[in-house]
Amino acid sequence: MFLLATTGVTLAASLWACTFLSFNQDNLSVEPSAVPANPDGNGRDNNNVWVPPVARPLMTGVPGGLSIEALTNGRDDYGGLKNISGLAVGADGELVIANRSEGKLFKISALGEITHVAGKGGRVDDGDGTDAQQSGLLDPSWILVDGSGAIYVSTLGKIRRIDGSGMISTVAGGSSRGFAGDGESSEHALFRGNSGMAIDGEGNLFVADRGNARVRRIGVDGIVSTIAGDGRFRSDGDNLQATEASLNSPVDVAIGPGGEIYVSEFDGHRVRKIDVNGVISTIAGTGTAGWSGDGGLAINSHLNSPRSVEVDRAGRLYISDWGNKVIRVVDLDGTIQLVAGHGSNSTTQDGIRALRAKLDPVVDFALSDAGTMYFAQQLTGLIHVLREGPDDDLYDRCDGELASITTAPSVTDGVVVEVAGKTEDGFYGDNGLVQKAGFVSPESLAIGSAGVLYVADTGNHRIRAIDKDGVIRTIAGTGEPGFSGDGGAALSSQLAEPTALAIGASENIIFYDSANLRVRRIDECGDIHTIAGTGQPGDSGDKGPAIKAKFRDVSSIVLDSRGGVYLADPASNKVRYIDSNGNIDSVAGTGVPASGPDGGKAETTPLDGPSGLALGKDGVLYIAEARSGRIRFVSPDGNMGTLVGIVSKMEDVADDTVPLHNALSDPFSLAVDEDDNIYIAELTGGRVVSIDADGLTRFVVGSDYENRSLDVSLVEIKLLAPLSIALDLSGSMFVLDSGGGIWSIGNGNSVPNTNKER
């Protein structure tokens, strides 16, 4: 299918002039525009071209964001829509699709509404002069829409037309299939097989007559002629007149801005070009099926059964490389590049980079004039959109960019909000509100610089993210436990019980893949890599490459500004550090399970179960020593100390504070805000406490009360063993408890008054 503006010329009694449409991709609204100027005499306005993103495009959903299956909503009259065979952009931005197996055509509006246009089903090709919905369409495939809204569809041996009133007629072809009618009017012509179509700027219709190995022209005067192919099924005759050349299964045609005609040879594995003088040449493909050539000249590349072809108004040629399951583009300099497909990620979620997507064979695509490409995948019931991604450094580094997710749900000062609270075991809720999502034993959370909340869904073997609208999605892990995927897309990787999380620059995610005994990284491009660990248990490898080190456990990860990574290994009673060069060493703890004295060097001081880590703004490393109930710290000069007031009984220090008595109850997770207030999650204490810069201690949230209601003061909220705490840039605190609850607590910069109820 090819959509092309014309200058208003008519063919026979039909309106063949095509108006361009301006489609607003951001809100899926449609803005009809006037027929453009005709500066080059071919009905095209070259001032508004679709610039191909090449390696940059993002995939988004169809209007309404749904698959064809979802749009049908189980209705019987829309059954079997998986067999999409043709696609066109019609008037008012509507998508017109052909369902070959059902013998029907449908429209999808810009709002995602689907309607039946033509075809009653069955193996007949009849109904001329009647309502198109009651007509028979025999294997409808390729579609063309003109500026009047009329739809042209090729059936097994005919070209049919549905006018604006919904009436159907035959433009060319007959009840029998064969080759006849050249030099005669179109009603006497015979075609063999389904045919791709295009209209030039003068209103002439071009048809790829696959079964006759020819390209034929139906002129504005209604006379049919052959313009390429001698009827022999082979690919030869370059630099001869096209009528003297041979074509091997021509399946589609497209018209370039200068009037040149492009022909895809499905079995010839080439795309040919017929210039305005009628001379044919090869523009892409060597004639041998295969995959090669991206970045080089298209004529030296290998294609595998090219099917649909389109040309944008700047003259770039797009090819559905059907056998290779990709879309490629031949640029103005003759080089070929990949546009979409050939990735390892099978997700079809909104915003995925096109080169990350694993496509099924692309049966057809259509270019809108405002910069959108729609394409249909074989036997999937899916239509997707390609739009250009942002032009920035991240995009260039990643060869494209995942859809951005910005801020997590915000809360006001002193208010507790249960962000997620599903405690039932299971995995569900992706792409929906997090309140309705299911987790299995999540163990850690972290907040990115943009406020996105990341959760290690440990029992589901996934890393998940919660966006600004509270929508959750998986960003790493297939859900099948195992170890795989390094160097590829994190979504296609296997994880095994991920636990500790930390977020670094450019939203790099560092996490401990606990059952795999490895530290892994998800980079800004969405790829996953192992940065530490051999997969064998132990605590060896210090003063060498981290990738050769061994771990017993990692319960907390903290990243510094130098690109380094701190790891708390409570089973080994050590805190270790991976520098920016990838080397590892112990910075605190000796491996002996004991709470050593203050004042000495941290690497020679024993620790008793270091479980939580946090970095203060002056470079102090805080360590939660779970078994001793102490909070230790390592000063910038490497000496060990104990935070004041933790192990002894404290007196009340203010009316709105609550004293801590004796040791903390299993301090497990730490966070430090920009004012150096320290927040401590007590695992068995079921609460979060804080220590300010003056050493004053308060309860922040949680108590021994059996109460998970929000209609109580913060200290009466029941937290089921808080496992992980994190602060966003505004100071809001997020707490993950072992009951699967994620809580957001006010603004951590001004610790809530715990004596006041909401």
Side-chain angles (χ1 to χ4, degrees), residues 408 419-423 427 434 437-448 451-466 472-477 481 490 495-504 507-522 528 531-533 551-559 565-571 575-576 609-615 622-624 626 666-672 679-683 688 719-728 732-745:
V419 177
K422 289 288 184 182
T423 58
F427 171 73
V434 67
F439 299 90
V440 177
S441 303
E443 291 195 18
S444 184
L445 58 75
I447 301 174
V452 178
L453 193 64
Y454 299 91
V455 180
D457 194 352
T458 307
N460 280 319
H461 314 292
R462 289 174 164 94
I463 307 294
R464 301 168 83 180
I466 304 169
I472 189 169
R473 63 184 178 90
T474 296
I475 62 170
L495 317 179
E497 301 180 10
T499 53
L501 277 179
I503 311 300
E507 297 292 290
N508 277 254
I509 301 169
I510 309 295
F511 70 96
Y512 184 56
D513 200 356
S514 69
N516 287 318
L517 298 165
R518 291 175 168 93
V519 180
R520 304 178 80 179
R521 176 173 67 96
I522 304 169
I528 193 168
I531 64 170
F551 303 92
R552 290 193 174 92
D553 188 19
V554 173
S555 59
S556 182
I557 300 175
V558 173
L559 311 180
V565 180
Y566 289 95
L567 308 166
D569 187 342
V575 176
R576 303 170 82 179
S611 58
L613 302 175
L615 275 174
Y622 296 97
I623 304 170
D666 294 317
F668 194 77
S669 180
L670 298 176
V672 180
Y679 300 87
I680 307 160
E682 293 182 276
L683 190 64
V688 177
L719 295 179
L720 301 176
L723 293 166
S724 183
I725 57 175
L727 299 171
D728 67 15
S732 292
M733 178 187 294
F734 292 84
V735 182
L736 169 67
D737 71 25
S738 60
I742 300 174
W743 303 78
S744 180
I745 298 100

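From a predicted model like this one, the values you see are computed outputs, not experimental measurements.
- Under the side chain to side chain donor-acceptor pair (under 3.5 Å) criterion, Arg462 pairs with no residue at all, not counting sequence neighbours.
- Counting only heavy atoms from C-beta outward, the side chains of Phe511 and Ile528 approach each other to under 4.5 Å.
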**Report entry** Stepwise side-chain contact (heavy atoms from CB on, under 4.5 Å) test for Ile510 and Val519
**Finding:** CA-CA 7 Å; Ile510 309 295; Val519 180; 3.7 Å; yes

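- The distance from atom OG of Ser556 to atom OH of Tyr566, rounded to the nearest 0.5 Å, is 12.5 Å.
- Taking OG of Ser738 as the start and CG of Leu723 as the end, the distance is 5.0 Å to the nearest 0.5 Å.
- Between Tyr512 and Asp553 the shortest side-chain heavy-atom distance falls below 4.5 Å.
- Taking all atoms of both residues into account, the shortest heavy-atom contact from Ile680 to Pro667 is CG2-CB, 3.7 Å.
- Within the 4.5 Å cutoff, the side chain of Leu613 has heavy atoms near those of the Ile623 side chain.
- Side-chain contact between Thr499 and Ser444: absent, with no pair of heavy atoms (C-beta onward) separated by less than 4.5 Å.
- Under the 3.5 Å distance criterion, the side-chain polar atoms of Ser514 are left unmatched by any main-chain donor or acceptor of Pro498.
- Of the possible polar contacts, none joining the Asn516 side chain to the Leu495 backbone as a donor-acceptor pair under 3.5 Å is found.
- Within the 4.5 Å cutoff, no side-chain heavy atoms of Tyr454 are placed close to those of Ile522.
- Contact of the Leu615 side chain with the Val672 side chain is not registered, since no non-hydrogen atoms from C-beta on lie closer than 4.5 Å.
- Minimum interatomic distance between Ala568 and Pro610 (heavy atoms only, all atoms of both residues): CB-O, 3.7 Å.
- Contact check for Leu736 versus Phe734: no side-chain heavy atoms found under the 4.5 Å cut-off.
- The backbone N or O of Pro442 sits nowhere less than 3.5 Å from a side-chain atom of Asp457 that would complete a donor-acceptor pair.
- Residues Ile466 and Arg464 fail the side-chain proximity criterion, which asks for heavy atoms closer than 4.5 Å.
- In terms of heavy atoms, His461 sits closest to Ala496 at ND1-CA, 3.7 Å.
- Between the Ser669 side chain and the Ile725 main chain, a donor and an acceptor come within less than 3.5 Å of each other.
- Residues satisfying the side chain to side chain donor-acceptor pair (under 3.5 Å) test with Asn508, not counting sequence neighbours, are Arg521, Glu524.
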